[in-house]
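What follows is a single structure, written as structure tokens, with notes after it.
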Protein chains: 2
Amino acid sequence: MLKDLDPLLHSQLRLGVMSLLLGVDSAEFTWLKEKTNSTAGNLSVQLDKLSEAGYIEVVKSFSGKKPLTTCKITKKGIKAFEDYVNNLKGYINN
Amino acid sequence: MLKDLDPLLHSQLRLGVMSLLLGVDSAEFTWLKEKTNSTAGNLSVQLDKLSEAGYIEVVKSFSGKKPLTTCKITKKGIKAFEDYVNNLKGYINN
DNA sequence: AATTTTGGTTTATATTATAAACTACTTTAT
DNA sequence: ATAAAGTAGTTTATAATATAAACCAAAATT
């Protein structure tokens with residue numbers, strides 16, 4: 001039967017972020033912004049949501065004197081992503 | 001690169017409807033309601049949206065004296081679904 | 001020293017999803 | 001015959017979500 005899709009992941013931008021984070025050790029805000037083609041505001045909000053869900057870890061530091069936001073997917077995030085993909089397959093495979 | 005996902009299909013209920021319709025010649029409202037586990041109101045609204053986009057065809061008739069709503073996916077709908085799935089793969093494969 | 005750029009956050013608005021309330025008719029029970 | 005319950009939906013109000021506009025602080029550029 002059709003399983004429910006995690007609403008936190010069923011969002012183009014958040015799914016894009018998670019997909020990108022799966023492929024790297026960690027990623028900077030500006031890199032994610034470029035890769036996802038999003039606005040800074042939108043990305044900021046969505047990163048917060050993923051972070052509050054424990055799907056990613058966000059570290060705010062400085063690169064010299066400029067703020068630097070770095071994101072990393074968590075174990076919980078990887079699991080959620082895998083579950084999401086598995087459930088999604090019920091919708092798209094056949 | 002990550003392609004945009006058709007917002008009309010990127011919705012659990014509408015995607016579920018389309019997925020179900022792909023597997024049958026046509027389907028009744030009540031069958032879709034059961035299979036998708038949705039409320040009648042929500043389903044009604046989402047079927048309208050799919051219909052207005054030309055992704056499905058909705059025929060309202062009678063079964064004896066009871067109203068009968070029948071849905072069928074269109075060529076345009078099949079194409080949109082296929083495109084959606086292909087774009088989605090960019091997010092979930094790797 | 002004014003302007004632009006960088007790297008964001010906050011907040012307001014537009015869009016979307018969902019459920020509650022309603023309509024219209026039918027069937028069943030009294 | 002009529003009241004109550006069921007069927008098959010639609011309309012509308014509300015809750016949730018996504019998105020962008022406005023903003024902030026510091027740094028770099030002209």
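Here the structure is a predicted model, which means the values were calculated and not measured. Just so we're on the same page: letters track the sequence lines, and every chain starts at 1.
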Can you list everything that forms a salt bridge (charged side-chain N to carboxylate O under 4.0 Å, His left out) with A:Lys79? Sequence neighbours excluded, please. A:Asp83
For B:Lys66, enumerate each residue passing the salt bridge (charged side-chain N to carboxylate O under 4.0 Å, His left out) test, keeping only those at least two apart in sequence or located in another chain. none
Expected rows: protein N/O vs nucleotides 4-10 of chain D N/O, under 3.5 Å:
residue: D:dA8; atom: O3'; partner: B:Pro67; partner atom: O; Å: 3.2
residue: D:dG9; atom: OP1; partner: B:Thr69; partner atom: N; Å: 2.8
residue: D:dG9; atom: OP1; partner: B:Thr69; partner atom: OG1; Å: 2.5
residue: D:dT10; atom: OP1; partner: B:Lys60; partner atom: NZ; Å: 2.2
residue: D:dT10; atom: OP2; partner: B:Ser44; partner atom: OG; Å: 2.4

Answer yes or no: does a side-chain N or O of A:Arg14 lie under 4.0 Å from OP1 or OP2 of D:dT17? no
C:dA17 phosphate, OP1 or OP2, under 4.0 Å from B:Lys49 side-chain N/O: yes
Using every non-hydrogen atom in the two residues, find where B:Tyr55 and B:Ile73 come nearest and quote the distance to one decimal. O-CG1, 3.5 Å
Quick one: [X] [atom1] to [N] [atom2], roughly how many Å, whole number?
X	N	atom1	atom2	answer
B:Leu8	C:dT16	CG	P	9 Å
B:Leu9	C:dA17	CG	P	11 Å
A:Lys65	C:dG8	NZ	P	17 Å
A:Leu13	D:dT19	CG	C1'	10 Å
A:Glu34	C:dG7	CD	C1'	13 Å
A:Lys33	C:dT9	NZ	C1'	14 Å
A:Asp4	C:dT18	CG	C1'	13 Å
A:Phe62	D:dA25	CZ	P	13 Å

Using a heavy-atom cut-off of under 4.0 Å over every strand shown, decide if B:Gln12 touches base, sugar-phosphate, or nothing. nothing
Is A:Ser11 touching bases, backbone alone, or none of the nucleic acid, heavy atoms closer than 4.0 Å? sugar-phosphate
Minimum side-chain heavy-atom gap A:Val17-A:Cys71 below 4.5 Å: no
Measure up the B:His10 and A:His10 rings against each other and bin them: parallel (under 30°), tilted (30 to 60°), perpendicular (over 60°). parallel
Could you verify whether a donor N or O on one side chain and an acceptor N or O on the other, from A:Glu82 and A:Asn86, lie under 3.5 Å apart? no
Looking at A:Lys35, A:Lys33, A:Glu34, which hits side-chain contact (heavy atoms from CB on, under 4.5 Å) with A:Trp31? A:Lys35
